[in-house]
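Predicted model, so just to flag it, every value in this text is computed and none were measured. Below, each value reflects all heavy atoms present in this structure, side chains not excepted, and no hydrogens, waters or symmetry copies. Count residues from 1 along the sequence.
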Amino acid sequence: MAALGEMSPYRFRIGVPPLLSLDEQKIRMNQAPSPISDLDSHLAQRLREVLRQRQLTPLFQPIIDMQSGAIIGYEGLIRGPSDSPLHSPLNLFKVARACGLSVEVEHLCRRMTLERFAELQLPGKLFLNVSPECLVQAERRHGETLGYIHEVGINPDRVIIELTESHPTYDYDLLREAVRHYRAMGFVIAIDDLGEGFSSLRLWSEIRPEYVKIDMHFVQGINQDPIKLQFVRSIQEIAEKSGTVVIAEGIETDAELLMIRDLGVSCGQGYKIARPHANPDTRLTNDLFAQLRQNGVSIYPHETRRSHEVATAAKLLRHVPAVTPEVQNNRIYEMFKNDPSLQIIPVVSNGVPVGLITRHNLIDRFARPYLRELHGRKSCTLFMDANPLIADKNTPLHSLSQLIVDGDRHHLFNGVIITDQGQYAGMGNAHDLMREITQMQINAARYANPLTMLPGNVPIDEHIDRLLENQTPFCVCYVDLDQFKPYNDVYGYRRGDDMIRLTGKILGAHSDPERDFVGHIGGDDFIVLFQSEDWNSRCQAILTAFSEAVPAFYSEEHRRKGGYVSEDRRGRRVFHSLATISLGLLKVQPGTYGSHHQIAAAAADAKRQAKKIPGNSLFIERRGMPFASEPEAMEEQDAQPRQGRR
């Protein structure tokens, strides 16, 4: 599809076999065909008039090389008479199918598109939509498309036969034969709307097209959706290995344009580049060309949860031998005595867990006078916990943790019985549960901080590497809060979390979401990777916004005094001022740093220098760096006194 709301000239869908008319297919499906009398006779008559008088208008939409900005070709689109319901290609072919004139209409569309393409002397290739019916019918014998091309003087290798799929394709042998026939005549093949149909990847594998067009669904909003990003990235990787050229359809915004470019996708098409036109331009506008040549990298959308797999109780499963209710207490005592590591024995009846016996409970009872003599031969259910915590193996670990927290305290020590469809499977203990949840939180924080949901350390490092690889000048701003730990101690971690969230929001509000990357390293440490040229004024705005917002986090008394007294780490009573923010800024020019590790170390040093400056501060690290341009230097000299540099 060319762009949002835009239909291809004659959008035919690959349903290949059987290659029948609509009525023939309904007969095969034991459905009665729609009689012609049901049609609007006026539309049917109008369609025949369109065919007789060639009342169709070809439009062309450019397809460009995303790296050079050159137009590689055009997709041909079609419109019916502007004063008729048949103006829309959707209505045009709906009526044509009902009248049994689909092939005739398609041939006319194809012929007029070829004629107009040649008449306009448009450069590059023509992407020409061809239906499967025409692909394998008499067209194969008579080569009508090839005849049209020779008549208008176009070389066949400039014509791309574009196939589109929306119904399952079963007879791949028939389709391969038809494609082979077209290639033998010198044509090149493209698959349209990759990802929209039922078997796009299978179709790609079967016919090995020279071009694939990614459906606009995966392109629009790609800068905000990590799943779409991954889909396009994967398609690009497959294309590189198979020697296929990828075309991204439906590009409509600046962010989508730059994202597609940065992913290495070869070609693009959409309203952002140009709308379909009867007399299209043969070169890009200067503004669009400048955008494509713009230095820098786009901001990838980040995943708040790296893995879509949900860890479950199955990860805690340990095999612990169970006993039946008929087993006597004396036998249970011997089991504990012979195995000092054994702490819990599940009791299971016909595969269904009914309780738990703990070492501590049984040994403690049997240590009392005469209890073993009295109860040793009785059923082990006597000293059993009859209300154990039981969870299916598919229970998410976070849900299981909540069950333990909400339940009785002894469940924390006894653990949980894990079942599989109601049958005993094994045991899980709280220690393993805590370890798994902690690891999950650590892994999640590496990709997205759970408090602010900003990208974590891994995406930060990946973005820095992309900037370095692209040789893009940028600024690293290391952000840290001053006097935060004593605030946390006095006001509590929840209020501290609120201050951290506020910091993340302020950083995001004063960054360009399409050029600047905001990440959360952890705790009260953040990082901003500025590609914006006005980074200085953005940093000053961050200082101002934080200083204005932070007093609201304190009591009236502490605001009046400008701080509060509390114990430091050595137990001394110390006065702490209200929290401030420190920005350590590092300017990175191409070739000055080789990795994100080097940049992290230099930025951390700049942050330490910033923290030495009282109050809200900005420190710019300059040692060993190229001098700023004159306008930049003037801007920095005019900055507020709280800014330091060396």
Side-chain angles (χ1 to χ4, degrees), residues 1-4 6 61-70 72 193-196 211-240 244-274 284-285 287-304 306 447-448 453-455 458-474 508 511-519 528-533:
M1 238 170 248
L4 186 62
E6 192 61 49
Q61 186 173 34
I63 298 172
I64 67 168
D65 183 300
M66 292 297 296
Q67 304 306 316
S68 70
I72 68 158
D193 295 339
L194 186 75
E196 182 197 37
Y211 294 86
V212 293
K213 284 188 167 185
I214 300 177
D215 183 67
M216 67 169 60
H217 167 78
F218 297 98
V219 174
Q220 291 168 355
I222 188 174
N223 56 303
Q224 300 172 335
D225 190 331
I227 303 302
K228 291 181 178 181
L229 172 68
Q230 187 56 51
F231 178 86
V232 174
R233 180 186 276 168
S234 299
I235 292 302
Q236 178 62 24
E237 290 175 359
I238 297 172
E240 289 173 357
T244 305
V245 176
V246 176
I247 301 172
E249 296 187 288
I251 300 173
E252 295 196 346
T253 67
D254 294 344
E256 291 164 4
L257 182 78
L258 296 180
M259 185 74 71
I260 292 298
R261 182 202 66 176
D262 289 356
L263 287 172
V265 175
S266 299
C267 303
Q269 178 182 359
Y271 281 0
K272 174 61 187 174
I273 297 165
L284 298 185
T285 64
D287 289 346
L288 183 60
F289 186 79
Q291 273 186 289
L292 287 172
R293 304 297 293 174
Q294 174 184 306
N295 198 8
V297 300
S298 54
I299 307 298
Y300 284 174
H302 68 279
E303 298 180 70
T304 55
R306 184 69 175 184
Y447 291 92
M453 302 313 295
L454 289 171
V458 171
I460 292 171
D461 292 344
E462 288 175 348
H463 191 74
I464 292 175
D465 287 340
R466 289 178 59 221
L467 289 163
L468 293 175
E469 183 179 353
N470 198 61
Q471 297 195 343
T472 300
F474 64 102
S511 302
D512 183 343
E514 294 186 3
R515 302 205 65 200
D516 305 327
F517 182 101
V518 181
V528 184
L529 305 174
F530 285 113
Q531 291 183 75
S532 297
E533 290 80 2

- Message: Does Asp254 form a side-chain hydrogen bond (donor to acceptor under 3.5 Å, both in side chains) with Gln291? I'd like the steps, not just the answer.
- Response: CA-CA 8 Å; Asp254 294 344; Gln291 273 186 289; 2.8 Å; yes
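Using a 4.5 Å heavy-atom threshold, the side chains of Leu257 and Ile273 count as touching. The closest side-chain heavy-atom distance from Leu292 to Met66 is below 4.5 Å. Counting heavy atoms from C-beta outward, Gln220 and Thr253 have side chains that stay 4.5 Å or more apart. You'll find the side chain of Lys272 reaches within 4.5 Å of the side chain of Leu288, heavy atoms only. Looking at heavy atoms from C-beta onward, Arg515 lies in side-chain contact with Glu533 at the 4.5 angstrom threshold.
Here CG of Asp465 is found 12.0 Å from CD1 of Ile460. Values are rounded to the nearest 0.5 Å. Atom CG of Asn295 sits about 5.5 Å away from atom CG of Asn470, to the nearest 0.5 Å. Residue Ile63 holds its CD1 atom at 8.5 Å from OH of Tyr211, rounded to the nearest 0.5 Å. How far CD1 of Ile235 is from OG1 of Thr244: 10.0 Å, rounded to the nearest 0.5 Å. Atom CD in Gln230 sits 10.0 Å away from atom CD1 in Ile222 (nearest 0.5 Å). Of the inter-residue distances, the one linking Phe231 atom CZ with Asp225 atom CG reads 12.0 Å to the nearest 0.5 angstrom.
When all heavy atoms of Tyr300 and Asp262 are compared, the pair lying nearest together is OH-O, 4.1 Å. Between Val528 and Ser511 the shortest heavy-atom distance is CG1-OG, 3.8 Å. Residues Pro301 and Pro226 come closest through the heavy atom pair CG-N, 3.7 Å.
Annotation: side-chain contact (heavy atoms from CB on, under 4.5 Å) contacts of Leu258 (sequence neighbours excluded): Arg261, Gln294, Ser298. Phe474 pairs by the ring-ring contact (aromatic ring centres under 6.0 Å, His included) definition with nothing, not counting sequence neighbours. Ser266 meets the side-chain contact (heavy atoms from CB on, under 4.5 Å) test with Val245; sequence neighbours excluded.
The only member of Val219, Ile247, Val246 that meets side-chain contact (heavy atoms from CB on, under 4.5 Å) when paired with Ile260 is Val219.
A salt bridge does not link Glu256 with Lys228: none of the charged nitrogens is closer than 4.0 Å to a carboxylate oxygen.
The side-chain tip of Arg466 does not point at the ring of Phe517 from less than 6.0 angstrom away and within 45° of straight on.
Using modelled atom types, one side-chain atom of Asp516 and one backbone atom of Ser532 make a donor-acceptor pair closer than 3.5 Å. Using a distance-only test at 3.5 Å, with no hydrogens or angles considered, a donor-acceptor pair links the side chain of Gln531 to the main chain of Val297. Gln236 places a side-chain N or O within donor-acceptor distance of the main-chain N or O of Gly264, the cut-off being under 3.5 Å. Checking side-chain atoms of Gln224 against main-chain N and O of Gly221 turns up no donor-acceptor pair under 3.5 Å.
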